2 protein chains.
Amino acid sequence: MPHPIAMATSVSNPCPHRHGVSCGDCRMKALCLPLALELDQIEQLDRIVQRGRPFQRDEYIYRAGTEFRSVYAVRSGAVKTFAVNDQGVEQVTGFYLPGEIFGMDGIAHTHHISSAIALETSSVCEIPFNRLEELSLSLPNLQRHFFQLMSREIINDQRLVALIGKNSADERLATLLLSISSRNAQRSLSGLRFRLPMSRADIGNYLGLTVETVSRIFGRFQKQRLLKVDKKEIEILDLEGLQELANV
Amino acid sequence: MPHPIAMATSVSNPCPHRHGVSCGDCRMKALCLPLALELDQIEQLDRIVQRGRPFQRDEYIYRAGTEFRSVYAVRSGAVKTFAVNDQGVEQVTGFYLPGEIFGMDGIAHTHHISSAIALETSSVCEIPFNRLEELSLSLPNLQRHFFQLMSREIINDQRLVALIGKNSADERLATLLLSISSRNAQRSLSGLRFRLPMSRADIGNYLGLTVETVSRIFGRFQKQRLLKVDKKEIEILDLEGLQELANV
DNA sequence: GGCAAACCTTGATGCAAGTCATGGCAGCCG
DNA sequence: CGGCTGCCATGACTTGCATCAAGGTTTGCC
């Protein structure tokens with residue numbers, strides 16, 4: 001079975017990205033797109049990326065306490081990461097969609113401090129971190145890209161702090177929905193109709209709200225004709241209305 | 001005027017750290033200590049670090065919107081970083097004490113998205129980022145160290161999300177006080193008596209609380225004999241009591 | 001000194017979201 | 001089938017913190 005990027009670069013349909021090679025379904029764009037790597041450099045990167053069998057729903061990609069070895073890229077499906085504190089309280093720290101990278105919080109330690117599980121059947125690329133480090137020494141673009149990737153993660157987390165610390169429950173949920181919507185849209189799927197891969201409980205946990213509150217707000221948004229909600233299927237009916245809530 | 005690390009390595013009093021050279025007041029330990037660099041490597045790093053005049057209270061180290069060029073290390077004093085959203089609402093994203101590095105959220109973009117200002121008279125080392133990147137290509141330890149530094153920032157932000165999303169006002173403030181206390185203690189100052197360099201408003205902003213709430217909790221903690229509070233001077237009277245609140 | 005501005009404290013009141021409780025619905029299995 | 005379990009929705013009630021308001025303290029400046 002070909003490696004994901006090798007597969008991508010060998011597919012014949014054209015790719016709009018500036019590295020000028022075809023990249024198939026573009027699911028690795030989080031790695032490919034901003035890199036501006038030469039073709040032979042992409043091939044070098046590809047050589048260290050590993051893909052295993054898909055993960056089933058609720059299956060762990062890694063567990064807190066186990067040795068840190070790799071970071072991961074979502075190819076399909078969805079993943080949540082979460083930490084459990086001393087009192088056993090779980091905190092969801094992120095949702096990751098196709099093309100996104102997770103596991104960077106493990107870099108600081110020899111062992112994982114958080115866990116990652118698949119929210120639905122998901123295929124995931126594993127990128128061994130020591131090999132990535134080595135390769136980064138000879139590919140300045142790759143090094144820079146990874147610094148930027150981590151910086152973006154920091155910015156996201158800081159935005160989340162602001163969202164939770166300063167915004168109402170309505171605003172928090174609206175912001176999350178728009179975020180997921182636009183992340184789906186970037187993969188050129190319809191942005192306004194999408195499936196929420198996570199439970200109401202996960203959403204509430206992530207946003208610092210209770211399940212009941214999340215549920216009530218979904219109900220209210222539907223009454224206000226902002227959304228059409230059918231279990232996990234979401235359709236945004238009034239994009240501007242939501243954006244006003246989310247303060248864009 | 002010597003560069004900070006150069007100065008550090010040339011000072012004669014012994015240094016307990018494993019790089020085996022004397023390092024003066026150890027204020028650069030955030031950079032020196034975990035690096036495990038050889039002496040000549042430290043000297044290489046030192047060559048790119050710049051130190052300017054100290055910053056006065058309320059003076060900007062960098063401003064949102066200006067070009068990103070460097071990350072910074074606090075040598076003395078204290079710094080806060082903050083972002084301002086579209087509605088003009090400020091969000092304090094971090095407090096940085098001597099030995100700590102800030103400005104890593106700028107790496108993802110060509111321009112700063114947050115600002116940093118001195119909370120009191122502070123001296124700060126500037127580390128030009130493009131030179132740091134170059135040097136990291138030839139010093140694997142340095143590259144790894146910076147990856148770890150950024151990872152730690154991510155972990156901190158995620159902890160803050162959990163703190164704000166799941167904990168009461170009391171718990172949030174107790175946690176912040178213990179954090180500052182232990183960061184002071186690491187610099188071998190007395191950990192239980194310290195000066196808060198930031199205003200009540202900054203604390204509230206950072207923790208997702210109002211000034212009034214912060215003030216009330218200080219009052220309550222004092223009544224409960226957890227703290228002795230005199231304006232910005234703090235003394236922890238009941239460490240265990242605070243730790244229980246903070247869930248350690 | 002005296003005034004102004006910035007910062008901090010304290011009290012009274014209201015509301016957003018948490019808590020508790022109940023019921024519906026889909027999927028699963030003996 | 002009927003009962004069980006997990007997830008979601010909704011109502012009644014409670015509460016922690018924000019809001020509004022007022023007063024105290026410190027700092028700096030004329």
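Since the structure is predicted, the reported quantities are computational estimates derived from the model, not experimental observations. Chain naming here is simple, since letters A, B, ... match the order of the sequence lines and numbering starts at 1 in each.
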Whole Å only: how far is the [atom1] atom of [X] from the [atom2] atom of [N]?
X       : N       : atom1 : atom2 : answer
L196(B) : dC7(C)  : CG    : P     : 15 Å
E233(B) : dT26(D) : CD    : C1'   : 15 Å
D230(B) : dT25(D) : CG    : C1'   : 12 Å
R57(A)  : dC7(D)  : CZ    : P     : 7 Å
N167(B) : dG18(C) : CG    : P     : 13 Å
D58(B)  : dT27(D) : CG    : C1'   : 13 Å
M198(B) : dA6(C)  : CE    : C1'   : 18 Å
L173(B) : dG16(D) : CG    : C1'   : 15 Å

Determine whether a donor-acceptor pair (N or O, by modelled atom type, separation under 3.5 Å) exists between the side chain of [X] and the backbone of [Y].
X       : Y       : result
S182(B) : A185(B) : no
S122(B) : F55(B)  : no
E233(B) : D230(B) : no

Check your understanding: Can you tell me how far the CG atom of L209(A) sits from the CZ atom of R216(A), to the nearest 0.5 Å?
Key -> 11.5 Å
Review point. What string of B, S and - do you get for nucleotides 24-29 of chain C, 5' to 3', when a contact is any protein heavy atom under 4.0 Å?
Key: ------
Check your understanding: Given the rule in the side chain to side chain contact (heavy atoms under 4.5 Å, CB included) test, do D157(B) and E153(B) qualify, once you have shown the distances and angles that lead to the verdict?
Key -> CA-CA 6 Å; D157(B) 287 342; E153(B) 186 81 18; 4.2 Å; yes
Point to revise | Most 5' of R172(A) and R200(B) on DNA chain C, judged by nearest nucleotide | key: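 Its nearest nucleotide lies further toward 5', so the answer is R200(B).
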Review point. Do the ring planes of F102(B) and Y72(B) sit parallel (below 30°), tilted (30 to 60°) or perpendicular (above 60°)?
Key: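 It falls in the parallel class, under 30°.
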Check your understanding: Which part of the nucleic acid does K166(B) contact within heavy-atom distance under 4.0 Å: base, sugar-phosphate only, or nothing?
Key -> nothing
Check your understanding: What nucleotide, of dC17(D), dC8(D), dA17(C), holds the atom closest to the side chain of S168(B)?
Key ->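 Side chain of S168(B) sits closest to dC17(D).
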**Study point:** cation_pi(R220(B), F218(B)) dist<6.0 Å, angle<=45
**Key:** no
**Study point:** Lys/Arg-Asp/Glu bridge criterion (N-O < 4.0 Å) met for E120(A), K232(A)
**Key:**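 Result for this pair is no, no salt bridge flagged.
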Point to revise | Neighbours of DNA chain D within residues 206-222 of chain B, by heavy-atom distance under 4.0 Å | key: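 Hits under 4.0 Å, by residue number: G208(B), L209(B), T210(B), E212(B), T213(B), R216(B).
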Listing, residues 106-119 of chain B side-chain donor-acceptor contacts under 3.5 Å, not counting sequence neighbours, or none:
unit_1: H111(B); atom_1: ND1; unit_2: G65(B); atom_2: O; d: 3.0
unit_1: S114(B); atom_1: OG; unit_2: D105(B); atom_2: OD2; d: 2.6
unit_1: S115(B); atom_1: OG; unit_2: A64(B); atom_2: N; d: 2.9

